[in-house]
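Encoded as structure tokens, the structure appears first; notes follow it.
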Amino acid sequence: MNVSSTLSLLQALAGMLALLHGAPTAPASSTLQSAVNLATRSIQLVAQADAQIPFTVIPNDGMWPNVNDLENAAYRDASGNWVRLGPTVSLIQADTSFGDLNGDELDDAAVVVNKPDATGSPHYYLVAMLNQGGVMFDDAELSLGSTVNVTSHDITSGIITVNGQQYALFGTALSQTGGN
């Protein structure tokens, strides 16, 4: 089985577990949450292995990532190519939060980046940056549009909150879970 097939299978498993979580006869919440976390981490590890980042990502400064580690991380540009920060992807440092997104007890990050379009017009994304193997990489993105005014951001118990909107990481996707 190739990496893409494995990733598809794991994403389907995570989807089924998420549906099961809402079922009236679902197993205990903590057991189900552990299964969802395991499936999510498996998807992320396969995604990282499949990433084929064409440059060396500088390892984190330490166990807990910081903005310097995000500046050295691997991001995807608007075309899906792996790039370093530069003209095709810029980090909005003030809109960065750290916390565990995938239940592995290591801090990850939620960041806002600008990926200008071909005309140079801004386009902003909320990006889940995972801390795996001692490096940070872009695991999931959600478009925020051509203007953004982040007034608050936080990661608590695996939930990203931006301006009162809540988002969760499921495999390699960010999904809105609640909030205003």
Side-chain angles (χ1 to χ4, degrees), residues 3-4 7-8 11 40-41 43-102 104 106-156 158-177 179:
V3 174
S4 295
L7 182 59
S8 297
Q11 285 177 320
T40 293
R41 281 195 306 272
I43 292 166
Q44 293 155 356
L45 288 169
V46 171
Q48 184 182 23
D50 192 37
Q52 300 178 18
I53 299 170
F55 52 86
T56 300
V57 180
I58 298 171
N60 297 343
D61 291 339
M63 184 172 178
W64 307 111
N66 56 50
V67 171
N68 184 56
D69 297 324
L70 293 172
E71 290 173 349
N72 294 319
Y75 294 83
R76 286 178 287 184
D77 65 14
S79 299
N81 300 312
W82 289 101
V83 299
R84 300 178 196 275
L85 291 177
T88 60
V89 178
S90 60
L91 176 65
I92 313 301
Q93 286 188 11
D95 299 336
T96 299
S97 296
F98 292 95
D100 186 7
L101 292 173
N102 60 355
D104 64 359
L106 295 174
D107 272 2
D108 305 298
V111 303
V112 175
V113 299
N114 177 20
K115 298 180 184 186
D117 64 20
T119 67
S121 298
H123 196 94
Y124 298 96
Y125 292 83
L126 175 63
V127 179
M129 299 293 293
L130 289 188
N131 176 12
Q132 292 187 332
V135 299
M136 301 295 286
F137 78 103
D138 176 338
D139 183 60
E141 305 177 342
L142 186 70
S143 175
L144 298 174
S146 60
T147 60
V148 66
N149 180 23
V150 176
T151 58
S152 65
H153 51 85
D154 182 65
I155 298 174
T156 304
I159 302 295
I160 303 166
T161 304
V162 177
N163 295 346
Q165 297 293 319
Q166 296 179 333
Y167 306 91
L169 180 63
F170 293 102
T172 57
L174 277 173
S175 298
Q176 188 168 355
T177 62

With sequence neighbours left out, what residues match Ala140 under side-chain contact (heavy atoms from CB on, under 4.5 Å)?
Ala128, Leu169, Leu174

Residues which pass ring pair (Phe, Tyr, Trp, His ring centres under 6.0 Å) with Tyr124, listed by chain and number, not counting sequence neighbours
none

Is [Y] close to [X] at the side-chain level, that is, under 4.5 Å between some pair of heavy atoms?
X	Y	answer
Asp108	Asp100	yes
Ile155	Phe98	no
His153	Val112	no
Tyr167	Leu142	yes

Taking side-chain hydrogen bond (donor to acceptor under 3.5 Å, both in side chains) as the definition, give me every residue that meets it alongside Thr96, ordered by chain and number, with sequence neighbours left out.
none

From [X] [atom1] over to [Y] [atom2], what is the distance, rounded to the nearest 0.5 angstrom?
X	Y	atom1	atom2	result
Ile58	Arg84	CD1	CZ	6.0 Å
Ser90	Asn114	OG	CG	4.5 Å
Gln165	Leu144	CD	CG	10.5 Å
Gln166	Asp154	CD	CG	10.0 Å
Leu85	Glu71	CG	CD	7.0 Å
Thr177	Ile159	OG1	CD1	4.5 Å

Does Ser143 offer a backbone N or O that forms a donor-acceptor pair with the side chain of His123 under 3.5 Å?
no

Kindly give the heavy-atom pair with the smallest separation between [X] and [Y], and that separation in Å.
X	Y	result
Leu101	Gly158	CD2-O, 4.1 Å
Gly164	Ser152	N-OG, 4.1 Å
Trp82	Pro54	CB-CD, 3.6 Å

Sorted by chain and number, sequence neighbours left out, salt bridge (Lys or Arg N to Asp or Glu O under 4.0 Å) with Asp138 holds for Arg76

N/O donor-acceptor pairs under 3.5 Å from side chains in residues 59-66, not counting sequence neighbours:
unit_1 : atom_1 : unit_2 : atom_2 : d
Asn60  : ND2    : Asn131 : OD1    : 2.9
Asp61  : OD1    : Asn68  : ND2    : 3.3
Asp61  : OD2    : Asn66  : ND2    : 3.3
Asp61  : OD2    : Asn68  : ND2    : 3.0
Asn66  : OD1    : Asn68  : N      : 2.9
Asn66  : OD1    : Asp69  : N      : 3.0

I'd like to know whether Val150 forms a side chain to side chain contact (heavy atoms under 4.5 Å, CB included) with Asn163, so could you lay out the CA-CA distance, the side-chain angles of the two residues, the decisive distance to 0.1 Å, and finally the verdict.
CA-CA 6 Å; Val150 176; Asn163 295 346; 4.1 Å; yes

How would you list all residue pairs meeting salt bridge (Lys or Arg N to Asp or Glu O under 4.0 Å) that involve residues 111-135, not counting sequence neighbours?
Lys115-Glu141

Side chain to side chain contact (heavy atoms under 4.5 Å, CB included), paired with Phe137, selected from Val127, Val57, Leu130:
Leu130

How far apart are the C-alpha atoms of Val113 and Tyr75, what are their side-chain angles, what is the distance that settles it, and do they pass the side chain to side chain contact (heavy atoms under 4.5 Å, CB included) test?
CA-CA 9 Å; Val113 299; Tyr75 294 83; 4.0 Å; yes

